[in-house]
Amino acid sequence: MNSRCVSINKILPFSCVDGPGNRLAIFLQGCNLRCKNCHNPYTMGICDNCGDCIPTCPQQALSLQNGVISWNSASCEQCDTCIQQCPRQSSPMTLTYTVDELIAITRKYAAFINGITVSGGESTLQLPFLINYFKTVKEAPDLKHLTCLIDSNGTLSINGWQKIAPYMEGAMIDLKSWNEKVHINLTGRSNQRIKESIKWLANNNLLTELRLLYIPEKTDYLENIELLSQFINSLGESVLVRINAFHQHGVYGEASKWIPAQKQHIDLLSKELNKRHIFNIKIPEIY
Ligand code: SF4
Ligand code: SF4
């Protein structure tokens with residue numbers, strides 16, 4: 001892993017949905033889960049420069065330069081044909097940034113934002129870079145007021161969290177199901193390490209948000225409501241639980257036929273958690 005360069009899928013200068021306040025949101029490329037319901041499946045893979053996407057581009061915006069895929073952003077019309085064709089669930093439109101380049105971008109927006117959220121893909125796969133970037137933010141007199149948050153799938157080891165903890169204000173973690181087998185079916189991996197991450201972050205006052213994604217007939221929160229509630233209650237009263245509603249936008253494959261979550265699904269889960277003394281809950285404003 002590289003501490004100096006990072007592969008970035010997208011940067012949003014102002015986001016109000018990636019943590020509290022107005023935030024610079026940075027989406028890193030590459031993920032170690034394979035969630036069937038992923039809304040950005042082209043952020044999962046790392047490009048191997050095969051060139052298969054080049055002939056699919058109607059604008060001739062792609063080419064190979066010295067064996068490396070090159071994207072001409074001026075010609076690109078953002079039709080997304082290339083990412084739909086990529087066999088590795090990657091994108092030819094990712095860009096590589098150094099810490100200095102990312103700091104320069106951060107500085108440009110610093111006066112207008114409350115903080116930075118690094119998301120993905122799975123941002124902690126590029127942990128050395130993340131540590132280097134957050135550390136530089138904290139040491140810069142004109143940037144140190146910015147809060148640094150990580151939006152993560154929670155698969156990072158405790159050792160990894162211990163390394164980044166001094167440089168961040170918190171992390172937002174998804175628990176995509178309670179049961180391990182259900183989780184493996186939804187994401188391709190066990191949720192044991194994710195539960196460990198959630199516990200460790202909560203014990204260290206670094207769990208900004210616990211996220212539950214309700215997918216009708218797929219997620220198992222209601223079937224395991226007692227165990228789930230005991231787990232959430234063990235994290236402490238201050239933990240914010242955000243319930244998200246599954247929708248099909250951007251989803252490929254079998255999940256594109258799954259039933260979207262409606263208000264009544266979310267209200268039912270919220271009510272069941274309330275009955276078990278969990279009240280610090282945020283639910284979607286629109287469906
Ligand atoms: S983005 Fe995908 S199709 Fe295009 S060169 Fe990279 S791996 Fe190949
Ligand atoms: S999104 Fe991809 S396929 Fe579409 S114009 Fe841009 S580079 Fe070409």
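Residues take their numbers from the sequence shown, with the count starting at 1. Just so you know, ligand 1 is whichever comes first in the structure, and atom 1 is the first atom listed for that ligand.
Within ligand 1, counting atoms from 1 as listed, the ones closer than 4.0 Å to a heavy atom of P87 are 3 (S). The ligand atoms of ligand 1 that sit less than 4.0 angstrom from a heavy atom of C47 are 1 (S), 5 (S), 6 (Fe), 7 (S). Under a 4.0 Å criterion applied to the non-hydrogen atoms of G51, ligand 1 contributes the atoms 5 (S), 8 (Fe). Under a 4.0 Å criterion applied to the non-hydrogen atoms of C82, ligand 2 contributes the atoms 1 (S), 2 (Fe), 3 (S), 7 (S). Proximity to D80 (heavy-atom distance under 4.0 Å) selects the following atoms of ligand 2: 1 (S), 4 (Fe). Against a heavy-atom cut-off of under 4.0 Å, R88 is close to the following atoms of ligand 1: 7 (S).
Defined by atom type and a distance below 3.5 Å, a donor-acceptor pair is present between the side-chain atoms of N72 and S75.
Using a cut-off of 2.8 Å, one finds that C53 contributes an N/O/S atom close to atom 4 (Fe) of ligand 1.
Put simply, the side chain of L212 reaches to within 4.5 Å of the side chain of L175, judged on heavy atoms. Residues E169 and F134 have side chains not in contact (no heavy-atom distance under 4.5 Å, counting atoms from C-beta outward). Residues C53 and C86 have side chains not in contact (no heavy-atom distance under 4.5 Å, counting atoms from C-beta outward). Counting heavy atoms from C-beta outward, N233 and I278 have side chains that approach closer than 4.5 Å.
Residue contact annotation: T56 has no non-hydrogen atom under 4.0 Å from ligand 2. Ligand 2 lies out of reach of Q60, whose nearest heavy atom is not under 4.0 Å from it.
For atom 8 (Fe) of ligand 2, the candidate residues are C86, C57, A61; the nearest heavy-atom contact is made by C57.
Only the side chain of Q59 comes within 4.0 Å of ligand 2, judged by heavy-atom distances. Under 4.0 angstrom from ligand 1, the non-hydrogen atoms of S91 all belong to its backbone. With a heavy-atom cut-off of 4.0 Å, Q78 touches ligand 2 through its backbone alone.
When the shell of 6.0 Å around NZ of K138 is examined, it contains more than 12 heavy atoms from other residues, nucleotides or ligands. Surrounding CD of E217 are at most 12 heavy atoms belonging to other residues, nucleotides or ligands under 6.0 Å away.
K10 forms a cation-pi arrangement with F27, by the criterion of a distance under 6.0 Å to the ring centre and an angle within 45° of the ring axis.
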